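The structure appears right after this line, and notes come after that.
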Amino acid sequence: MTKTTTTNKPRWYQIRLKFVLIMLCLAGVLYVLYRDIHPGMGSGPAGPGVPAEAFASSWNDGDVLLLGLGDSIVTGFGAPPGFGFFDRLVKVPDGDEADMTGKDLRHVFAKLRVLNLAQNSTSSGDHLRYQIALIPLQSQSTRGVVVLSTGGIDLIHDYGASPPRDEALYGATWSDGQRYAAAFRQRLDQLLDAISARFPGGCDIFIATIFDPTDGVGDIERVNVFLRFIKPFPAWPDGLRIHAEFNRHIREAAAARANVHVVDVHGTLLGHGLHHRDSRHPHYHSEDPTYWYFVNLEDPNQRGYDAIRRVFLNEMIRYLVPTATQ
């Protein structure tokens with residue numbers, strides 16, 4: 001009778017194999033978490049091109065005040081110093097995209113003055129109650145160029161942590177959202193008229209539409225795992241409809257005033273939010289499928305601000321460049 005002998009792998013081999021498998025699994029989990037927390041921003045120019053010929057001659061030889069008003073979009077929160085869109089409107093910083101060299105307001109307004117009164121985490125009510133009072137009354141000889149971002153904080157705060165209310169209506173129903181949107185419109189009308197009143201010599205107001213980091217899907221609760229751990233976002237079934245209502249009011253308020261011009265920040269950033277990797281998404285950008293938001297979701301990152309700077313400049317070219325030079 002032949003005796004069968006079973007040969008077992010040494011115990012150290014089994015331990016090593018288990019260790020390798022555990023490390024591979026851990027590496028996979030860490031990769032997914034890192035990709036979620038730090039989605040790819042990409043590199044290079046973001047957003048549309050800006051025509052160089054518009055900056056070849058002066059737009060205005062007199063006194064011009066560039067005024068920033070609103071929330072953290074105008075302060076540049078989420079970008080390195082000098083790389084927020086407002087700062088880049090004033091002066092192209094060292095290390096910026098090469099195609100933007102010379103394309104800033106310093107090149108076309110010889111007597112440009114700059115005042116940025118925007119503040120982080122401020123609502124439309126804050127802008128009306130506090131920022132307007134800080135705007136000095138300008139002389140008849142001063143022309144105003146005003147950059148405004150308002151309403152985004154009204155929508156996102158306070159992330160569903162408390163019942164929805166005016167100026168912090170995250171999670172509101174459509175019925176309540178319409179009421180809050182109407183209150184926003186009333187404040188917006190007052191805000192725009194109050195700004196214009198501070199410039200007896202005239203001003204142009206460039207107001208941003210409110211972007212949507214869900215890329216039109218509305219799944220705001222899908223925000224990256226880091227934020228879900230720190231401050232989980234509850235689902236908001238009526239969020240997209242209310243968001244669209246706010247943007248409708250922005251467009252209609254601007255259309256009612258000849259000196260107010262809408263900048264389509266919402267459309268510019270679509271496809272660069274939570275669904276930027278989804279090739280089946282209608283706003284997918286195959287040429288640049290990258291993420292343009294900061295880790296807090298409610299502000300852009302450096303490339304997002306590049307895109308916003310470009311669309312603001314293109315709107316300014318439409319309305320501020322003397323007709324003879326266009």
Side-chain angles (χ1 to χ4, degrees), residues 41-51 54-55 64-109 112-122 127 131 144-153 204-213 247 250 260-273 288 290-320:
M41 179 176 69
S43 61
V50 178
F55 297 86
V64 175
L65 175 63
L66 175 66
L67 175 65
L69 294 172
D71 50 36
S72 56
I73 310 305
V74 184
T75 70
F77 189 86
F83 283 84
F85 93 90
F86 184 87
D87 289 340
R88 290 158 112 174
L89 288 177
V90 178
K91 180 181 182 297
V92 175
D94 294 339
D96 204 350
E97 303 303 333
D99 70 311
M100 293 303 295
T101 300
K103 300 175 184 178
D104 57 42
L105 299 184
R106 290 285 187 200
H107 278 80
V108 292
F109 295 132
L112 180 68
R113 294 183 291 118
V114 179
L115 177 62
N116 192 349
L117 298 176
Q119 295 172 300
N120 296 339
S121 296
T122 50
H127 305 155
Q131 292 185 15
V145 178
V146 183
V147 169
L148 173 63
S149 170
T150 189
I153 293 297
D204 287 271
I205 303 171
F206 296 87
I207 182 172
T209 53
I210 304 168
F211 50 65
D212 168 24
N247 275 338
I250 288 173
V260 182
H261 320 294
V262 173
V263 181
D264 187 18
V265 171
H266 170 249
T268 300
L269 268 61
L270 275 178
H272 293 284
D288 188 12
T290 50
Y291 188 75
W292 291 358
Y293 292 89
F294 189 50
V295 68
N296 68 351
L297 192 73
E298 66 188 62
D299 292 289
N301 59 25
Q302 182 172 326
R303 292 193 77 218
Y305 281 121
D306 181 17
I308 294 172
R309 174 260 307 262
R310 292 165 184 263
V311 291
F312 263 90
L313 281 176
N314 283 335
E315 285 302 307
M316 289 178 177
I317 289 169
R318 287 184 60 193
Y319 294 101
L320 300 183

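On a predicted model such as this, the values are computed, not experimentally measured, just so you know. We number each residue from 1, following the sequence as shown.
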Could you tell me whether the side chain of [X] and the main chain of [Y] form a donor-acceptor pair under 3.5 Å?
X	Y	value
N116	V74	yes
D99	G49	no
E298	I153	no
H266	D212	no

| Geometric class of the Y293/F211 ring pair [parallel <30°, tilted 30-60°, perpendicular >60°] | perpendicular
| Parallel, tilted or perpendicular: rings of Y305 and F85 (30°, 60°) | parallel
| said: Taking the basic N atoms (NZ, or NE/NH1/NH2) and the acidic carboxylate oxygens, is any pair closer than 4.0 Å for R318 and D204? | reply: no
Measuring only between side-chain heavy atoms, which start at C-beta, is [X] closer than 4.5 Å to [Y]?
X	Y	answer
T209	V262	yes
V147	M316	yes
T101	V92	no
R309	K103	no
I250	I207	yes

| query | For the ring pair Y319 and H261, is the centre-to-centre distance below 6.0 Å? | reply | yes
